[in-house]
Structure formats: C-alpha cells, structure tokens
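Written below as structure tokens is the structure these notes are about.
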Amino acid sequence: MGNTLSCCVSPGASPTLSGRGGLRGQEQQRQQERVDAYRVEAELREPEPSPGTNLQHISDREAPEDMNFESNPSDHPRASTIFLSKSQPDDAARPVREKRKSNHINHVSPGQLTKKYSSCSTIFIDDSTVSQPNLKSTIKCVTLAIYYHTKNRDSDRSIDIFDEKKHPLTREEVPVDYYKRDPEHKHIYRFVRTLFGAAQLTAECAIVTLVYLERLLTYAEIDICPSNWKRIVLGAILLASKVWDDQAVWNVDYCQILKDMTVEDMNEMERQFLELLQFNINVPASVYAKYYFDLRSLADDNNMNFPLEPLSKERAQKLEAISRLCEDKYKDMSKAAIRRSLSAGNLIGISRSNAILS
C-alpha cells in the first residue's frame, strides 16, 4: 500500500507537510478560503444603494482635516481672520513692527506714554472681556476691520442686491463717482454706531456681525467696496441681531431708523444674505473668541487702547469671589471624576487589609 497520508493531501499541497501539523495547516487554509468565498458572495448579493437612501450623517459632511483653513476663517478657529491680514497687506508695515520690537527690547521710549501701567499701589484693568466686551471699543475695532477690508481689497466684485446705486438707503442722489470714494474709518464708525445705538444692540453682536461679513465675502466671493459696504454691513447687523440677541429687532424697526428704506427691500436683502451664507449662521465659541482677540490685536497695532480703570476694592473682592467659586467648582468636578474612574494612580490613600495566610 502507498502512503496513507497521500489520500488526505491535496495534489497542490507542499510535499513537506506531514503529520498533525500539516493537517492543521491545511484545515486552516481551507477554512480561510471558505470565509473569503462567503465574503465575495455576500458582496455580490448586496443590492445597489438607491439614490435617495445613501444619506451621509452631518458629521460625515464636515470639512476634511486637510482642507485649506485660510479660505474659511469664519468657520474654523485655526484659520487667520481676513481683516487682520488686510490690516498688514504687504511688507510695508514690517519696518514699523520691527521698530516697535527694537524699541521694546532696547527699552527706548517712543515718546509720551498714553497707556496706563500698573504699579505697586495701583492696578489698572479694562472692563472688556471675551464674555462682556466693551461696546464702544468693540465697535471701533469692528469698523476699523471693515475699513481695512475696503482699503486693501483685491477687486470690486459685488452683487446687485448690495449695490447702493440700485438700492439706495436714502432719497439723496448717489454721486456719480460713488464707487471710487473709499469710506473713512470715522464714516463707517458713525454708520455702525448709529444702528447699534438706535437698536440697542450689544458688543457681542458687533463681533458676530464681523464673522458674518467675512463669511459672506468668502462664500459669495465678493469684495466690500465703496458701492456696497453700507448694505453689506446693514445685512450682517440685521442677521447678527436676530441670531444673537434674545429680543431681536424686526425689519420694520430698522426701516424706522433708515426711514427711506422699505420693508420689502430689507426682507429681500436678508433673504439673499442668508442664501449667500448657505444658511450657515452658526458661530462656534472658539471662532467668536478668535475674532475677539484678533480685534484686540488690531486695536493694539493701531494704538487704539481699551479704556483702563484703577482696580477698586469692591471690584477686587468681586473678582476674588468669582475665582473662589470657579476653584470650588473645579474641585468638585475633579472629585466626581475620581469617583467615576479609579485608576492605579489613585490607590495610594486606600486602606489595605492584612492578608491571611493558611
């Protein structure tokens, strides 16, 4: 008789396989082949997805990680704001910044100091924080950002709904060369300050207004220029006041401020503004904070200091109480976290019982 093992070995098997180890290896190989065949058959039996059922989850429709963040600064906290780059468009401002840095390093006084500094007896603080910005200073910074947008724009791309010639805000005749006159900072500030004062809007609303404005310029691929800056700013303020403030100002209320505008014109501008934003009115806290601190950097670069006041005894006690509350809250959170998850590093203080050997 021949080898009894030959009847169990496939013709293509290796001649070196023999004994129990060879049989086990062949069985595993056949099992893997059956699994692969079943997987292929299941894929072939799987029906094609219908066009209406292949819907992505909202998290799957988010922007990928390798996306160019510079193109969407109003959506991503890591992207640089457009107005801060517009305030320094080229290398022309570099000598000024280098001079300031050199003066700071060499302790050279730039002249009469206009900023107040803290001393041993007096501490100066400003009343502007990321959660409660100073209204006047914030509006000044936002309008300065809009000024740099118009001054250092790349082109004059616009849309008819924002053209002041086609949709005037007043009954006064628009000058022929209206599209050539860049607005000054004081004119932009006066326009925005009037709207915020009449509608009683908050400083946070001004920051959201700037976010919507830069989002519009990015999404619609237009520029803010002399012919459209008023209507673009008005549309951003109108939308920000409705999204941010609890008691929104109605369109008819803005028509009472700008008496020559009609409600129909205001409604149409709001509708097109939302469509150009792709109805993306969400402002994450990280984006809001980025715009706030970039506005402070813009103010510092342009010598627009936030108002400082001496720290009073009452204010110091209030800050100390808030700090104590926050510290107690974090302690309670850390204790709760330790109770929920006990790791080996937290076993030091646990009492141990003596082992009984028998």
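Just so it is clear, the model here is predicted, and its values are computed rather than measured. Numbers here simply count residues along the sequence, with the first being 1.
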(message) Less than 4.5 Å apart, side chain to side chain, heavy atoms only: is that true for Leu234 and Met266?
(response) yes
(request) Identify the two heavy atoms, one from Ser158 and one from Asn228, that lie closest to each other, and give their separation to 0.1 Å. (result) OG-ND2, 3.0 Å
(message) My understanding is that only residues two or more places apart in sequence, or in another chain, count here; which of them pass side chain to side chain contact (heavy atoms under 4.5 Å, CB included) with Ala198?
(response) Ile257
(request) Kindly indicate whether the side chain of Val142, heavy atoms from C-beta on, has any atom under 4.5 Å from the side chain of Phe196. (result) no
(message) Within the structure provided, determine whether Thr209 and Leu201 are in side-chain contact (heavy-atom separation under 4.5 Å).
(response) no
(request) Output all residues satisfying side chain to side chain contact (heavy atoms under 4.5 Å, CB included) with Lys259, sequence neighbours left out; order by chain, then residue number. (result) none
(request) Measure the spacing between CG of Asn72 and CD1 of Ile82 and express it to the nearest 0.5 Å. (result) 9.0 Å
(request) Hydrophobic side-chain clustering at under 4.5 Å (ILVMFWY, transitive links): who's grouped with Trp250? Put none if nobody. (result) Val252, Val263
(request) Locate the shortest heavy-atom distance separating Ile232 from Phe273; write the atom from each residue and the value. (result) O-CE1, 3.7 Å
(message) Within the 4.5 Å heavy-atom criterion, are Val208 and Tyr291 side-chain neighbours or not?
(response) no
(message) For Glu204, give me all partners under salt bridge (Lys or Arg N to Asp or Glu O under 4.0 Å), at least two apart in sequence or on another chain.
(response) none
(request) Mind listing the closest non-hydrogen atom pair of Met261 and Pro168 along with its distance? (result) CG-O, 4.5 Å
(request) Examine the side chains of Tyr147 and Asn302 and answer whether a donor and an acceptor come within less than 3.5 Å of each other. (result) no
(message) Show every side chain to side chain donor-acceptor pair (under 3.5 Å) that has at least one partner inside residues 229-243, sequence neighbours left out.
(response) Arg231-Asp265, Ser241-Tyr254, Lys242-Asn251, Lys242-Glu270
(request) Identify, with sequence neighbours excluded, every residue that meets side chain to side chain contact (heavy atoms under 4.5 Å, CB included) alongside Pro226. (result) Arg153, Asp182, Pro183
(message) Restricting to non-hydrogen atoms, name the atom on Ala299 and the atom on Cys141 that form the minimum distance, rounded to 0.1 Å.
(response) CB-SG, 3.5 Å
(message) Quick one, Thr150 and His185 - any side-chain contact, counting heavy atoms below 4.5 Å?
(response) no
(message) Once salt bridge (Lys or Arg N to Asp or Glu O under 4.0 Å) is applied, what residue pairs with a partner in residues 274-284 remain, sequence neighbours excluded?
(response) Arg271-Glu275
(request) Please examine the side chains of Thr81 and Leu298, heavy atoms only from C-beta on, and report whether any two atoms are closer than 4.5 Å. (result) no
(message) In the structure I gave you, are the side-chain heavy atoms of Leu295 and Phe83 within less than 4.5 Å of one another anywhere?
(response) yes
(request) Please report the shortest heavy-atom distance between Leu277 and Leu216, naming the atom on each side. (result) CD2-N, 3.5 Å
(request) Could you pull out all residues at least two apart from Asp294 that satisfy salt bridge (Lys or Arg N to Asp or Glu O under 4.0 Å)? (result) none
(request) Could I get the full list of salt bridge (Lys or Arg N to Asp or Glu O under 4.0 Å) partners for Asp163, not counting sequence neighbours? (result) none
(request) Could you tell me which residues satisfy salt bridge (Lys or Arg N to Asp or Glu O under 4.0 Å) with Asp328, sequence neighbours excluded, listed by chain and number? (result) none
(request) Report yes if the side chains of Arg157 and Leu217 come closer than 4.5 Å at any heavy-atom pair, otherwise no. (result) no
(message) Once ring pair (Phe, Tyr, Trp, His ring centres under 6.0 Å) is applied, do any residues pair with Tyr288, and if so which ones, sequence neighbours excluded?
(response) Trp244
(message) Given 3.5 Å as the limit, does a donor-acceptor pair link the side chain of Tyr212 with the main chain of Ile281, or not?
(response) yes
(message) List the residues meeting side chain to side chain contact (heavy atoms under 4.5 Å, CB included) with Asp160, not counting sequence neighbours, and say none if there are none.
(response) Lys166
(request) Assess whether atom CD of Gln317 is packed by more than 12 heavy atoms of other residues, nucleotides or ligands within 6.0 Å. (result) yes
(request) Could you tell me whether Asp156 and Lys180 have a side-chain N and a carboxylate O separated by less than 4.0 Å? (result) no
